[in-house]
Amino acid sequence: MKKILLFNLCLLFVASSWAQELSIIPQPVLVQSQPGSFILKNNFTVGVSSNDEVTARVVNYITKKLSVSTGFAFSTGKIEKNSIFRFHLSRLKNSELGTEGYQLNVYPDSVSITANQPAGLFYAVQTFLQLLPKEIESKDPVKNFSWSAPCVRITDYPRFAWRGLMLDVSRHFFTKDQVKQFIDEMVRYKYNRFHWHLTDDEGWRIEIKSLPKLTQVGAWRVPRVGRWAEFSPPTPDEPRNYGGFYTQEEIKEVVQYAKDNFVEVLPEIDMPGHSLAFIASYPEICGTPGTYQVNSGERLIDWTLPGHPAVVNNTIDPSNEKAYELIDKVMGEVANLFPFEYIHMGGDECSKNFWEKNESIAKLMKKEKLQDMNEVQSYFVKRMEKIIESKKKKMIGWDEILEGGLKGNAAVMSWRGSKGGIEAAKLGHQVVMSPNDFAYLDLRQGDALTEPPIYSSVRLNQSYRFEPVPEGVDPKLILGGQGNLWSERLTTWRSVQYMVYPRALSIAETLWSPKESKNWDSFVRKTENHFKRLDVSETKYSTALYDCVFEPQKDDHGKLQIELSTEISGLDIFYTFDETNPDQFYPKYVAPLSVPKDAVTLKVVTYRNRKQIGKQINMPIDELKKRAGIK
Ligand code: ACM
């Protein structure tokens with residue numbers, strides 16, 4: 001009996017140590033570690049049970065990927081006894097796996113993948129790649145290397161059908177190839193919706209053949225470098241040579257590329273606010289006569305005043321029938337280019353101050369019995385839905401489309417927290433959750449002192465707390481969620497990646513993995529392993545999770561008290577007020593700090609196992625006082 005117990009204990013120990021070695025993001029539904037490992041060798045064979053074109057693409061994907069870094073040759077054919085990779089599309093559908101689930105068995109001598117649909121095979125491939133050493137992400141062959149993967153049985157399927165990332169290409173234009181790279185990177189973590197924010201005040205990025213000025217005029221602005229929203233306005237003679245757009249051929253290419261990677265593309269045409277690029281091209285759609293120019297990052301909205309009035313009228317006039325004619329043309333061409341069932345009409349942050357002075361809108365209100373500006377906006381939204389549905393598409397919009405009443409079948413993307421999503425679901429609308437307090441990727445990941453300037457933050461641990469289904473809401477109405485990356489402050493591709501990673505890993509886990517399997521400590525360990533993979537693939541990411549977090553407070557006597565912490569456990573914080581640079585031989589933080597008389601700076605640094613891991617942060621005491629509300 002004792003022996004059996006000991007044997008079982010040993011098994012448990014061995015099984016758990018195998019389990020610990022796996023760093024799969026998002027966490028699969030069921031992982032059963034097995035003894036042994038599989039080693040990929042040259043001239044490997046791939047067997048496929050079906051000869052459909054989509055499965056062939058998945059096979060092509062993995063063979064190409066494996067051969068880049070291993071340099072190995074391979075052959076493909078029917079499943080034979082000696083096939084190393086076996087791809088099965090099951091005839092008898094496994095209802096547990098659904099359309100995107102899979103079973104992956106890694107044996108010492110082969111790898112077997114089963115799914116109902118090719119998408120499942122594709123996600124199994126993504127999981128398998130994560131079982132291989134990080135060197136698999138190398139862009140060049142790695143010689144004399146053992147390509148081993150632990151033996152394992154995995155059953156996996158997603159929690160949500162909609163697992164999205166949004167990229168804003170209006171504020172800064174990113175090329176077709178960069179967009180494809182974005183898609184390459186997102187599918188590694190099983191994202192399947194690419195939301196393409198194609199138009200805004202700063203640029204119109206999609207060719208509309210019937211309205212050529214949209215890209216002749218609307219795609220270009222003057223270049224500016226520095227701090228967004230503080231730029232000087234363009235002068236009349238300044239060349240407008242910064243920007244770009246995608247031709248319809250390029251759009252088709254990206255849509256096909258996404259489809260080949262099992263990604264649907266959601267196009268967004270943002271209206272009736274955020275429309276300055278449209279208005280600069282066709283000023284007749286604006287209710288304020290004049291000539292307009294595409295915004296270059298100079299102040300456009302006064303965010304400090306109630307109602308957020310626009311400084312320049314960047315809104316479409318909802319009482320103008322000509323505007324609807326133009327929008328109909330835009331939507332017709334958009335609908336033909338994008339096979340996805342939804343078109344996003346924007347609807348967010350529409351200033352109403354110019355509408356309030358517009359006589360034609362006053363007449364419309366009388367005629368349509370509209371009580372206020374929210375109802376005017378709602379009138380516009382209804383007209384949008386009619387146009388979009390006339391193109392055989394469904395409409396989705398930001399949560400402002402609820403204002404003034406939302407009827408019909410529109411889906412709502414909740415961004416001002418989860419509030420709009422809850423309200424929409426209560427009205428029976430479908431919802432995609434992208435709350436700014438958890439899923440906004442343009443916000444800071446670390447302290448304001450060390451990060452690019454922006455008004456707020458979402459640290460990694462905050463993004464990991466994202467829960468798309470609020471209490472009391474029918475989960476069937478929550479299609480899923482997404483992370484949104486606005487690009488006002490992102491001028492380079494490296495800065496795009498920096499904002500996306502590692503938070504996209506966390507959102508991926510929320511959207512794919514069972515809620516009960518989420519575990520912050522385990523996620524952090526896995527993320528650290530993925531940092532090494534991102535290093536090999538030369539993808540930039542933020543390491544702010546290692547940095548010190550400052551929590552300054554005013555105590556009962558009005559004095560500054562400073563609490564320090566870290567997002568992840570196991571780090572030590574060392575600090576000093578004496579202006580020298582701290583290391584592990586300095587005082588270790590154990591309890592809230594009071595500031596010594598005359599101290600000017602609190603310098604901190606984090607260590608793990610006697611090695612520096614976080615950045616040194618030199619925090620001015622005055623800044624901490626300001627944050628604590630001490631004058
Ligand atoms: C948004 O962030 N304005 C949707």
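Along the sequence shown, the residues carry numbers beginning at 1. Order of listing sets the numbers, starting from 1, for every ligand and every atom in it. A quick note: this is a predicted structure, and the numbers were derived from the prediction, not measured.
Close N/O approach between His274 and ligand 1 is not found [any backbone or side-chain N/O within under 3.5 Å].
By the 4.0 Å N-to-carboxylate-O rule, Glu321 lies close enough to Arg383 to be salt-bridged with it.
Arg459 forms no cation-pi arrangement with Tyr546, by the criterion of a distance under 6.0 Å to the ring centre and an angle within 45° of the ring axis.
For ligand 1, the atoms sitting less than 4.0 Å from at least one non-hydrogen atom of Trp486 are 1 (C), 2 (O), 4 (C), numbered in the order shown with element in parentheses.
In this structure, Tyr342 and Trp162 have perpendicular ring planes: the angle between them is above 60°, well past the 30° mark.
Screening residues 457-476 for ring pair (Phe, Tyr, Trp, His ring centres under 6.0 Å) gives Tyr464-Trp520, Tyr464-Phe523 as the qualifying pairs, with residues at least two apart or on separate chains.
Scanning the protein for heavy atoms near atom 3 (N) of ligand 1, the closest one is Asp348 OD2, 2.7 Å. Ranking the protein heavy atoms by distance from atom 2 (O) of ligand 1 puts Tyr440 OH, 2.6 Å first.
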